[in-house]
Q: 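This structure is in structure tokens; I'll ask about it shortly.
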Amino acid sequence: MKKIFRSFMAIALAAMTFTACEDVPEPYAWPEANNGGTEGTVAGNGTETEPLTVEQAIAKASAAGSWVTGYIVGANSGAPDYTFITDPTQITIASNIYIAATPTETDQSKCMPIQLPVGAVRTAINLADNKTVIGKQVTLYGDIDTYFSQPGLKNTSFVKIDDKEFGTKPSEGGEAPAVSAKNTIETALSVADMLKIIDALGEGETSADWYYVKGKIKSIKTAAADIAKYKNIDYFITDDGQNEVQIFRGKNLNNTDFTEAGQINVGDEVVVVGQPMKYKNANTGAIIPEIAQGNYIVKLTKGSGGENPTPTPVPTGEAKGDGTKANPYNAVKAAQIANALEAGAKTEEVYIAGKVSTITENYGTQFGNGTFKISDDGQAANEFLIFRALYLGNQKYTAGTLLKQGDDVVICGKIMKYANKSGDITLETSQGEAYLFSLNGKTEASGEGGQTPDPTPTPQTDVTKTIDGTTMTLVNTKVTASNNTVEVDFAAQNYTNAQEVTELTLPDGTKITFSKGEGSTTPKFYDGTKGIRLYAKNTLTITGTKAIAKVVIQLDTMNANGNEQLYATASGTSLTIVNDWTGTSGGTQFRPQKMTITFAQ
């Protein structure tokens with residue numbers, strides 16, 4: 001039931017009187033006036049000493065690294081209904097709460113959802129396990145971003161409540177964390193020397209050592225909208241314009257967030273510190289030398305700015321075609337049409353034909369699209385960029401023939417003159433508004449791609465699966481949860497990088513067993529992602545002294561939640577997770593970093 005109280009303030013008195021519904025059951029009575037704060041919080045500027053109010057945070061809508069204060073008023077039920085619940089007795093989800101300007105707010109539009117990642121913050125203030133925090137004032141640190149389709153706080157890492165602190169408090173002044181690197185900023189490796197270190201690694205291996213590497217930014221992969229959302233950037237650095245290393249999900253100076261495009265540009269010189277990795281694309285088998293996630297810039301020297309990532313001037317070969325299906329544009333004509341547009345403008349749907357000349361990102365199941373260039377002769381001159389185009393049949397790639405240089409293709413879609421915030425221009429097809437109409441004469445009618453292969457049906461089990469950002473929750477519906485929990489952090493188990501993992505025994509005797517199952521690759525631990533990687537058809541089994549009621553899993557990224565066919569089964573005192581897939585390899589990896597296991601009553 002919902003708790004409602006009203007406060008009346010006498011004109012001449014400072015005393016406050018509370019009334020409540022008579023049938024409110026204990027121990028869920030509203031806290032009294034000494035609940036850790038007072039109503040009507042003074043407006044702030046987003047710092048720890050002057051946190052934003054809920055109203056300010058909602059108005060801001062997006063901001064990295066912000067302090068926000070308010071009162072806990074409820075939680076969201078999550079899938080499938082996503083209901084806003086204010087009665088603490090009805091709240092069973094631990095991955096989020098809502099805060100508001102007053103402890104009695106029931107209008108969801110005036111409340112702010114708070115993401116609670118696995119860890120100390122969730123343990124301290126989630127309403128599934130802490131009913132008495134309802135109505136209390138909290139001050140939180142995280143990133144203001146869209147959550148449950150409204151402004152919320154994500155990546156919440158710290159909370160203050162009742163004069164107590166939980167989580168990791170952000171460092172003051174934006175200083176970068178100290179790292180133990182094999183060299184110094186002054187002796188930063190060239191890209192050529194870094195490639196030698198990466199070449200010596202095994203496929204998929206991340207070096208346990210950190211290095212400084214320097215180079216000039218050759219290209220930037222991350223779109224402006226994604227920079228603002230995820231606060232990091234994928235880009236490539238080079239020595240000579242040929243050799244290159246990818247900086248994967250890199251952070252800005254002093255390990256701070258990127259907040260918008262234009263903070264680094266093609267042509268800028270950087271020194272980056274991070275861990276070398278020989279990344280292998282699970283879908284295509286391509287090897288990409290990179291600096292793994294967790295890296296950041298330590299030195300930035302702005303270049304001339306505005307080196308154009310596409311050929312300049314515009315391709316000068318013979319322009320052909322009228323853009324129809326019967327007479328498609330060639331690459332030169334498509335580039336000329338795009339160049340004649342205003343910056344940011346698009347055409348109507350047209351057809352473009354050519355031979356694949358350069359493949360940036362082949363088609364794969366992770367994103368379902370491909371990025372490549374075409375030209376008349378399949379050579380890297382007079383090219384036009386096909387950016388994140390869907391597969392045959394205007395559908396996401398799920399199976400079919402991959403591209404290779406020289407393939408004859410026809411693309412259907414809109415072309416545009418893309419401009420980033422620095423004014424750099426790229427002539428390309430519009431992302432998500434173009435697709436591969438034909439590949440070597442085969443079209444959507446050929447039955448290739450776009451059609452999801454018939455998967456092995458996901459078994460119907462009594463364990464439900466919900467995913468909220470980087471948190472997966474598995475609930476065994478056959479049992480009732482107790483307050484008995486155990487947590488595990490895989491990064492704290494003294495595994496070595498790329499170590500195969502088989503079995504782990506927790507202090508309470510709970511065993512976690514990892515198995516290759518019917519797959520082709522054994523589960524491994526990687527330093528770069530601070531967790532375990534389970535591949536196609538790998539399994540993870542938890543066995544305790546009692547039945548397992550719930551498992552909350554912190555994943556390393558939003559794209560690390562395994563295949564859609566991933567399922568869990570419960571039997572006796574065990575719960576098994578299967579990263580099921582249509583084959584024995586490929587698909588999406590399941591990457592747990594931490595787990596909270598709740599046993600049955």
Q: With sequence neighbours left out, write down each residue that passes side-chain hydrogen bond (donor to acceptor under 3.5 Å, both in side chains) with T92, or none if nothing qualifies.
A: none
Q: Can you list every salt bridge (charged side-chain N to carboxylate O under 4.0 Å, His left out) pair that touches residues 587-601, not counting sequence neighbours?
A: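 Every salt bridge (charged side-chain N to carboxylate O under 4.0 Å, His left out) pair that includes a residue of residues 587-601, provided the two are not neighbours, is D556-R591.
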Q: Will you find, in the side chains of S109 and D107, an N or O donor that is under 3.5 Å from an N or O acceptor?
A: yes
Q: Applying ring pair (Phe, Tyr, Trp, His ring centres under 6.0 Å), which residue pairs with at least one partner in residues 84-121 are found, sequence neighbours left out?
A: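 Of all non-adjacent pairs touching residues 84-121, those that pass ring pair (Phe, Tyr, Trp, His ring centres under 6.0 Å) are F84-Y98.
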Q: For the residue pair N579 / N563, report whether a side-chain donor-acceptor contact shorter than 3.5 Å exists.
A: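 There is such a pair between these side chains.
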Q: With sequence neighbours excluded, what pairs up with A100 under the side-chain contact (heavy atoms from CB on, under 4.5 Å) test?
A: V73, E105, C111
Q: Output yes when K160 and E48 qualify as a salt bridge under the 4.0 Å nitrogen-oxygen rule, no when they do not.
A: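 Yes, K160 and E48 are salt-bridged.
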Q: Any salt bridge between D143 and K231, counting N to O under 4.0 Å?
A: no
Q: Would you mind writing out the side-chain donor-acceptor pairs for residues 540-547 within the sub-3.5 Å range, not counting sequence neighbours?
A:
unit_1	atom_1	unit_2	atom_2	d
T541	OG1	T576	OG1	3.0
T543	OG1	S574	OG	2.9

Q: Closer than 3.5 angstrom, by distance alone: can the side chain of N484 be matched with the main-chain N or O of F599 as a donor-acceptor pair?
A: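 Pair absent, no side-chain N/O of N484 close to backbone of F599.
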Q: For the backbone of R249 and the side chain of D234, can you confirm whether one donor and one acceptor N or O come within less than 3.5 Å of each other?
A: yes
Q: Donor-acceptor check, side chain of T156 to backbone of Q115, threshold 3.5 angstrom: yes or no?
A: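 Confirmed, T156 side chain pairs with Q115 backbone.
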Q: For F525, what residues pass the ring-ring contact (aromatic ring centres under 6.0 Å, His included) criterion, not counting sequence neighbours?
A: Y495
Q: Do we see a donor-acceptor contact under 3.5 Å between the side chains of T496 and Q499?
A: yes
Q: With sequence neighbours excluded, what pairs up with T522 under the side-chain contact (heavy atoms from CB on, under 4.5 Å) test?
A: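 For T522 the side-chain contact (heavy atoms from CB on, under 4.5 Å) partners, ignoring immediate neighbours, are E500, K516.
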Q: Not counting sequence neighbours, which residues clear side-chain contact (heavy atoms from CB on, under 4.5 Å) with D226? List them please.
A: T222, A223, Y230, R388
Q: Work out which heavy atom in S62 is nearest to a heavy atom in A228; give both atom names and the distance.
A: OG-O, 4.4 Å
Q: List for me each residue that meets side-chain hydrogen bond (donor to acceptor under 3.5 Å, both in side chains) alongside Y211, sequence neighbours excluded, and say none if there are none.
A: none
Q: In a check of side-chain hydrogen bond (donor to acceptor under 3.5 Å, both in side chains) between K251 and each of N232, T256, D257, which one passes?
A: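 In the set N232, T256, D257, the residue that makes a side-chain hydrogen bond (donor to acceptor under 3.5 Å, both in side chains) with K251 is D257.
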Q: Among residues at least two apart in sequence or on other chains, which ones pass side-chain contact (heavy atoms from CB on, under 4.5 Å) with S571?
A: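 Not a single residue meets the side-chain contact (heavy atoms from CB on, under 4.5 Å) criterion with S571.
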Q: Please tell me whether Q275 and Q293 have a donor and an acceptor in their side chains that are separated by less than 3.5 angstrom.
A: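 The criterion, which ignores hydrogens and geometry beyond distance, is not satisfied for Q293 and Q275.
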Q: Enter the distance from D462:CG to K478:NZ here, rounded to the nearest 0.5 Å.
A: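 Result: 5.0 Å between the selected atoms.
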Q: Identify, with sequence neighbours excluded, every residue that meets side-chain hydrogen bond (donor to acceptor under 3.5 Å, both in side chains) alongside T529.
A: none
Q: Sequence neighbours left out, what passes side-chain hydrogen bond (donor to acceptor under 3.5 Å, both in side chains) with Q493? Give chain and number order.
A: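 Testing Q493 for side-chain hydrogen bond (donor to acceptor under 3.5 Å, both in side chains), a comparison that skips the adjacent residues, returns none.
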Q: Knowing that exactly one of T139, V138, L153 qualifies, which makes a side chain to side chain contact (heavy atoms under 4.5 Å, CB included) with I99?
A: V138
